[in-house]
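All remarks here apply to the structure that follows.
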Amino acid sequence: MSEEKKFLVIAVDGGAASGKSSTSRALAKAHRLMHVDTGAHYRTVALPLLRRGIVCAEDFFASEKPLEDLDLGTVVRGNEAYMSLNGIVPDDDEIRNDKVNAVVSQFASIPEVRRFLFEYQRRQKDVARERGFAGLIMDGRDIGSVIFPDADLRIFLTADPEARARRRAAEGIADSVAERDKLDASRKTAPLACPEGAVKIDSTHLTLEEVVAKISAMISAL
Ligand code: CDP
């Protein structure tokens, strides 16, 4: 009699441009997992705030109920789950540009913003199960520490800041990787840090394929 396979939860955290999303996307395909990029959630929430003229944390606190009337949903395409806002999934170039890069970490440091996304992100496990995936792989900054501290596998990806800045530049995107990392690591709520017990992988001298192969072997052994 074959034993029923356990539904897996994999957490992948790391700094800006550390390769979290590309790695997680490839692992999702290889292991029939649903991939959720939580960075995209923070980027998506930044859009209605920017539209209201909110460009920093001070503006956020000065405006009345800035997160009210924002309805969050999930659209699954292949192995990828995207967050919709009031029924619409924003295009990639809307959320990945220098305007959003410049404000996203400030918004992500606001406890109300993080609380707003917490339940939604936890719920993605049920979405993955309902859709028949073998598990969930979620990447971000606080997945292994706050969202799923009980995950079956927690990975923390690092790479030299120069290597990460080079990768972002190769994508043709203006981004202050080091500056966002500083903000993310120094904030009070859910700071970027390698949680105890997580597997740390330095990808400075590894290719994407090598990182994927390393983690893939760990997932297969679960
Ligand atoms: O693509 P990149 O690695 O540069 O960043 P991202 O994963 O798209 O995340 C954008 C920003 O959202 C980060 O700089 C963090 O400020 C914030 N974020 C967060 O605070 N917590 C998460 N779980 C994911 C992202």
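Predicted, not measured: the structure shown is a model, and the values here were computed from it. Both ligands and their constituent atoms are indexed starting at 1 by order of listing.
Under the 30°/60° scheme for interplanar angles, the aromatic rings of Phe60 and Phe107 are found to be tilted.
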Give one line per pair: atom of ligand 1, protein atom, distance. Only N/O to N/O under 3.5 Å.
from: ligand 1; atom 1: 1 (O); to: Arg168; atom 2: NH2; distance (Å): 3.4
from: ligand 1; atom 1: 3 (O); to: Ala17; atom 2: N; distance (Å): 3.1
from: ligand 1; atom 1: 3 (O); to: Lys20; atom 2: NZ; distance (Å): 2.7
from: ligand 1; atom 1: 4 (O); to: Arg168; atom 2: NH1; distance (Å): 2.9
from: ligand 1; atom 1: 4 (O); to: Arg180; atom 2: NH1; distance (Å): 3.2
from: ligand 1; atom 1: 4 (O); to: Arg180; atom 2: NH2; distance (Å): 2.5
from: ligand 1; atom 1: 5 (O); to: Arg141; atom 2: NH2; distance (Å): 3.2
from: ligand 1; atom 1: 5 (O); to: Arg180; atom 2: NH1; distance (Å): 3.3
from: ligand 1; atom 1: 7 (O); to: Arg141; atom 2: NH1; distance (Å): 3.1
from: ligand 1; atom 1: 8 (O); to: Arg43; atom 2: NE; distance (Å): 2.7
from: ligand 1; atom 1: 8 (O); to: Arg43; atom 2: NH2; distance (Å): 3.4
from: ligand 1; atom 1: 14 (O); to: Ser105; atom 2: OG; distance (Å): 3.0
from: ligand 1; atom 1: 14 (O); to: Arg141; atom 2: NH2; distance (Å): 3.3
from: ligand 1; atom 1: 14 (O); to: Arg180; atom 2: NH1; distance (Å): 2.8
from: ligand 1; atom 1: 14 (O); to: Asp184; atom 2: OD2; distance (Å): 2.8
from: ligand 1; atom 1: 16 (O); to: Ser105; atom 2: OG; distance (Å): 3.0
from: ligand 1; atom 1: 16 (O); to: Asp184; atom 2: OD1; distance (Å): 2.6
from: ligand 1; atom 1: 16 (O); to: Asp184; atom 2: OD2; distance (Å): 3.3
from: ligand 1; atom 1: 20 (O); to: Arg114; atom 2: NH1; distance (Å): 2.8
from: ligand 1; atom 1: 20 (O); to: Arg114; atom 2: NH2; distance (Å): 3.4
from: ligand 1; atom 1: 20 (O); to: Arg187; atom 2: NH1; distance (Å): 2.8
from: ligand 1; atom 1: 20 (O); to: Arg187; atom 2: NH2; distance (Å): 3.0
from: ligand 1; atom 1: 21 (N); to: Arg114; atom 2: NH2; distance (Å): 2.9
from: ligand 1; atom 1: 23 (N); to: Thr38; atom 2: OG1; distance (Å): 3.0
from: ligand 1; atom 1: 23 (N); to: Arg141; atom 2: N; distance (Å): 3.1
from: ligand 1; atom 1: 23 (N); to: Asp142; atom 2: OD1; distance (Å): 2.8

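For the residue pair Tyr42/Arg141, the side-chain donor-acceptor check at 3.5 Å is not satisfied.
In this structure, Arg32 is not positioned above the aromatic face of Phe133 in the sense of NZ or CZ being under 6.0 Å from the six-membered ring centre and within 45° of the axis.
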| Stepwise salt bridge (charged side-chain N to carboxylate O under 4.0 Å, His left out) test for Arg180 and Asp184 | CA-CA 6 Å; Arg180 279 201 290 129; Asp184 291 340; 5.0 Å; no
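With sequence neighbours excluded, no residue forms a ring-ring contact (aromatic ring centres under 6.0 Å, His included) with His35.
By the neighbour-count criterion of 12 heavy atoms within 6.0 Å, atom CD of Glu196 is sparsely surrounded, having that number or fewer from other residues, nucleotides or ligands.
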